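Below: one structure, written as structure tokens.
Just so you know, ligand 1 is whichever comes first in the structure, and atom 1 is the first atom listed for that ligand. Numbers here simply count residues along the sequence, with the first being 1. This is a predicted model, so every value here is computed, not measured.
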Amino acid sequence: MKNKFRSVCMGVSLLLTASPALQAQNKITFHTDAPTQTINRNIYGHFAEHLGNCIYGGFYVGDTSRIPNIKGVRKDIIAALKALKIPNLRWPGGCFADTYHWKDGIGPKEKRPTIVNTWWGGVTENNSFGTHDFLDMCEELGTEPYLAGNVGSGTVQELADWVQYVNFSGKSPMSDLRQHNGRQQPWKVQYWGVGNEAWGCGGNMRPEYYADIYRKYATFMSGNLFKIASGANSSDYNWTEVLMKNIPLHMLDGLALHHYSVIDWNKKGSAVDFSEEQYFRTMRSACFMDTLVRRHSAIMDKYDPKKKVALVVDEWGGWYNVEAGTNPGFLFQQNTMRDAMIAGVTLNIFHNHSDRVRMANLAQTVNVLQAVVLTKGEQLILTPTYHVMEMYKVHQDATLIPIDVQSNKYTYKNEQLPAVSASASKDKSGVTHISLVNIDASKAQEITVQTGAAYKSVAGRILSSAKLQDHNSFTQPDKLRPVAFKGAVLKNNTLTVKLPPFSVVVLELQ
Ligand code: AHR
């Protein structure tokens, strides 16, 4: 039903084909009478892999560290993520998940075996952060754990045992072991990934083979679990088709999708020192998420018209070259206003497709790829992406207001993207929020919003900066942060908003 309305970022177009109509003024219309759906808070999930300094040196500093911590997890990270209201956290990978043997990470830390983290830098993993550490941390954060099981190099028994270890309340070999290790009550983990990137680092499988493997693993994962199949790499629509065709709906709760906003896998470019051309190409890749979601959803609709199975975009975000001088296997990159644009646009896409996209995980939470938090010794900084997710959190579990967006084009050379991206929702107390993004690198956008209802007040915040390359650093941690927005005027049922170039605004209408 929602496809009746035009949405954000409907793809790139060539300037030569543009018609005068495409140059019309930005206009957004609320469809308050249309059927509505909930924006599942799980869209705001995060991802923490044993990769670089995400876990070790990021979240986890150990309980003997002088950095204030709770059971070895940094208190400042816990506070920052609590403020974001993160609904779920995916762990332990990524590619690492298919090399991870969970029994290595339980029991006395000094007795835990070491392994080599073959995917990420070839460093020695001492398993000091394991199942108890992660699940206790999730309790502290007030977030749902999402465990990614090892299918690539594990066994069905190993994964079935992990489920029993963390979830079973009765007497069993695994619950006895858990209690022996100090945890009486199970954690009751609901979200389980059955492998990761089975088409690549998870085993280089064909979809037909993985569909059978999935069925086998899922059969022995007992309890009322939300099981997520390893999904397509970006536009591999055949992967989705084969899985939907071959996995019975009653065995499947979520189907994953991974898509990174990347310029070119062989020439990713610097995270901070980039040209407008590189910016445009990154945004083209970010906007492509809309096409991906539509096309994967259309395939899912054929096999699952009632939309029982969620599309779970459990890896998304910008991916650039690692920062000079850092370990190439650690994927450390800075985070600029470009990343704020990716976050704003992508979350708007997820909202507007929240009938099917019901869970997602930004890659990755701390010190890796498009992180929300960066750390250096005792210091912690919040990135522009953090600020966007914090501004947008008002949409979690709110009711989507379908909108029609007519946008001016952001033109670079002979290519164009819609300049304006938007989404709107009404929260449980009846307050309406609208998120607006102008990705144009140089032009402000004036937007007329027909709200269809008589609101009395408008207020909100903006994240913007002088340069696209601007970012927070350990010497200037608050260079970028949201401030009160003065550019919105409400008159009768019409809201007029003036968005500066490359800015994100969230408004509250009452
Ligand atoms: O997020 C980094 C890596 O990207 C993950 O480990 C993998 O799943 C993906 O290819």
- Task: Could you check whether the rings of H351 and Y392 sit parallel, tilted or perpendicular, using 30° and 60° as the cut-offs?
- Result: tilted
- Is W119 near ligand 1, meaning one of its heavy atoms is under 4.0 Å from it? no
- Distance from atom 1 (O) of ligand 1 to nearest protein heavy atom, with residue and atom: Y260 OH, 2.8 Å
- Within 4.0 Å of some non-hydrogen atom of E197, the atoms of ligand 1 are 7 (C), 8 (O), 9 (C), 10 (O)
- Considering the heavy atoms of L369, write down every atom of ligand 1 situated less than 4.0 Å from one of them. 1 (O), 2 (C)
- For residues 87-149, the disulfide bond (SG atoms under 2.5 Å apart) pairs (sequence neighbours left out) are C95-C201
- Note on the structure: Counting heavy atoms under 4.0 Å, the part of F96 that contacts ligand 1 is neither
- Message: Below 30° counts as parallel, above 60° as perpendicular, anything between as tilted: where do the rings of H258 and W199 land?
- Response: perpendicular
- Taking only heavy atoms of F47, which atoms of ligand 1 are found under 4.0 Å from at least one of them? 1 (O)
- Query: Looking at ligand 1, does any of its N/O atoms fall within less than 3.5 Å of an N/O of W319?
  - Reply: no
- Item | N-O pairing of K109 and D133 below 4.0 Å | yes
- Short list, please: which atoms of ligand 1 are under 4.0 Å from a heavy atom of C95? 5 (C), 6 (O), 7 (C), 8 (O)
- Message: If we set the cut-off at 4.0 Å for heavy atoms, which region of W120 has an atom near ligand 1: side chain, backbone, both, or neither?
- Response: side chain
- Task: Would you mind listing every disulfide bond (SG atoms under 2.5 Å apart) that reaches into residues 243-272, with sequence neighbours excluded?
- Result: none
- Query: Against heavy atoms of N196, which atoms of ligand 1 measure under 4.0 Å?
  - Reply: 8 (O)
- Message: Given Q364, H50, E49, E315, identify the one with the heavy atom nearest to atom 7 (C) of ligand 1.
- Response: E315
- Task: Would you check the N or O atoms of C201, main chain and side chain alike, for any that come under 3.5 Å of an N or O of ligand 1?
- Result: no
- Query: Is any side-chain N of the basic residue among R112 and D104 closer than 4.0 Å to the acidic one's carboxylate O?
  - Reply: no
- Query: What class does the angle between the rings of Y260 and W265 fall in, given that below 30° is parallel, 30 to 60° is tilted and above 60° is perpendicular?
  - Reply: perpendicular
- Do K268 and D264 meet the salt-bridge criterion of a basic N to acidic O distance under 4.0 Å? no
